[in-house]
Amino acid sequence: MRFATWNVNSIKARLPRLLDWLADTAPDVVCLQETKCADDAFPTDEIGVLGYRVAAHGDGRWNGVALLSRVGLDDVRRGFPGEPGFPEPEARAISGTAAGIRFTSVYVPNGRTPEDPHYAYKLTWLAALRDALAAEVAAGPVVLTGDFNVAPTDADVWDPAGFVGATHVTAPERDALAAIRATGLRDVEARALKGDRAYTYWDYRAGMFHQNKGMRIDLVYASDPVADAVRNAYVDREARKGKGPSDHAPIVVDVDLPLHPS
DNA sequence: ATGTCCCTTCACAAGGGA
């Protein structure tokens, strides 16, 4: 089976590209982030034509996550137990079971700057996510994926020296990711299709993509039954090219696991 | 370290967020 994650930076703005990409890539399950779309405005029908069931969790203006699956989609849960808010809970996590795997699509708070209250929120949110995931990992195969807004190592940013003092690279953020992995999840590192750095995000500004000045902040965390079955994982940088891309590229993962659609 | 994009509104320009 093939699954993918993609921060689309507005599902409305990205819909034509998303539909083309779904047809070309044919993933069985897709975790989306930054849909920026209220649930009643979500393009469920357009995506459904391609054979996908859709579960969306949106605020409208900001955030927003969704799951697409053409191999069943059960036990959908929006948010997670104990999820903190800013101050109210936001649309940053959605879970569902497909092909026997518990998928969670996350859009982790950005943090803005280490001094900003949003940064403390980010750390609290990641700690609560860890607690929620610990129970999931014990229960069965898990994939936790999305935009984590954290670069796990200095090798995951184009200019580590330039990021000193910025969010996405601080020790507490990286520790929070390590704590999530310690529940029994492994970082499935996607390979780059070009060059040796598998970045997943490049700022729109200043020609960053063309200079490959990016960051690896979209991650795939999988528990052993899934991680052991990974045959291929790549960052689809082709989707970052051309007119009207998201600032993030999708990650595509192929696993040798049976599809048992429900 | 800001050359873009996307969203929204006391809306057709400007501000917020990333």
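Just so it is clear, the model here is predicted, and its values are computed rather than measured. Order of the sequence lines sets the chain letters (A, B, ...), proteins ahead of strands, with each chain counted from 1.
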remark   = Separation of B:dC5 atom C1' from A:Arg17 atom CZ, nearest Å, is 13 Å

key: Options B:dA18, B:dC7, B:dG3, nucleotide nearest the side-chain atoms of A:Glu34   = B:dA18

remark   = Whichever of A:Gln211 and A:Gly111 has the more 5' nearest nucleotide on DNA chain B, that residue is A:Gln211

ask   = Any salt bridge (Lys or Arg N to Asp or Glu O under 4.0 Å) pairs touching residues 54-65 of chain A, not counting sequence neighbours?
value = none

query = Got a sec, which pairs hit salt bridge (Lys or Arg N to Asp or Glu O under 4.0 Å) with one end in residues 168-183 of chain A, sequence neighbours left out?
reply = A:Lys122-A:Glu173, A:Asp154-A:Arg174

task = Determine the Euclidean distance between corresponding C1' atoms of B:dA11 and B:dC6; express it in Å to zero decimal places.
result = 16 Å

key: C1'-based separation of B:dC12 from B:dC7 [nearest Å]   = 15 Å

What does the list of N/O pairs under 3.5 Å between the protein and nucleotides 15-17 of chain B look like, with a distance for each?
none

inquiry  = Taking the minimum atom-to-atom distance to the side chain of A:Arg205, which one of B:dA18, B:dC5, B:dA1 wins?
reply    = B:dA18

query = Syn or anti: how is B:dC10 classified when any glycosidic angle within 90° of 0 counts as syn?
reply = anti

key: N/O (side chain, A:Arg14) to phosphate O (OP1/OP2, B:dC6) under 4.0 Å   = yes

ask   = Between the main-chain N or O of A:Ala249 and the side-chain N or O of A:Glu238, is there a donor-acceptor pair closer than 3.5 Å?
value = no

query = Which whole-number value in Å describes the distance from A:Asn149 CG to B:dA18 P?
reply = 8 Å

ask   = What's the OH-C1' distance between A:Tyr119 and B:dA18, to the nearest Å?
value = 18 Å

message = Please pick, from B:dA1, B:dC7, B:dG3, the nucleotide with the shortest atom-to-atom distance to any side-chain atom of A:Ala13.
response = B:dC7

message = Can you pull out every salt bridge (Lys or Arg N to Asp or Glu O under 4.0 Å) where at least one residue sits in residues 191-211 of chain A? Sequence neighbours excluded, please.
response = A:Asp203-A:Arg205

query = Tell me: NZ of A:Lys243 to C1' of B:dT4, nearest whole Å?
reply = 13 Å

Spacing of A:Tyr201 atom OH relative to B:dC5 atom P, expressed in whole Å = 12 Å

note = Whole-Å distance, A:Lys12 NZ to B:dC7 C1', equals 9 Å

query = If you pin A:Asn63 and A:Gly207 to their nearest nucleotides in DNA chain B, which one's is more 5'?
reply = A:Gly207

request  = Under the side-chain hydrogen bond (donor to acceptor under 3.5 Å, both in side chains) rule, collect the residues that match up with A:Asp228, sequence neighbours excluded.
outcome  = A:Arg186

message = Quick test of your reading of the model: are A:Asp28 and A:Arg2 salt-bridged, counting only N-O distances below 4.0 Å?
response = no

request  = Whole angstrom is fine here: how far is it from CZ in A:Arg240 over to P in B:dT4?
outcome  = 13 Å

note = Out of B:dT2, B:dC7, B:dC5, minimum distance to the side chain of A:Asp203 belongs to B:dT2

Identify every side-chain donor-acceptor pair in residues 85-95 of chain A under 3.5 Å, counting partners at least two apart or on other chains, and give the distances.
from, atom 1, to, atom 2, distance (Å)
A:Glu90, OE1, A:Arg92, NE, 2.7
A:Glu90, OE1, A:Arg92, NH2, 3.2
A:Glu90, OE1, A:Tyr121, OH, 2.5
A:Arg92, NE, A:Tyr121, OH, 3.4
A:Arg92, NH1, A:Tyr107, O, 3.1
A:Arg92, NH2, A:Asn63, OD1, 3.1
A:Ser95, OG, A:Thr104, OG1, 2.8

ask   = Taking the P atom of each, how far is B:dG15 from B:dC10, in whole Å?
value = 14 Å

inquiry  = I'd like to know if A:Glu34 pairs up with A:Arg14 as an ion pair, taking the criterion as any Lys NZ or Arg NE/NH1/NH2 lying under 4.0 Å from an Asp or Glu carboxylate oxygen.
reply    = no

key: Nearest-angstrom distance, C1' atom, B:dA1 to B:dA14   = 22 Å

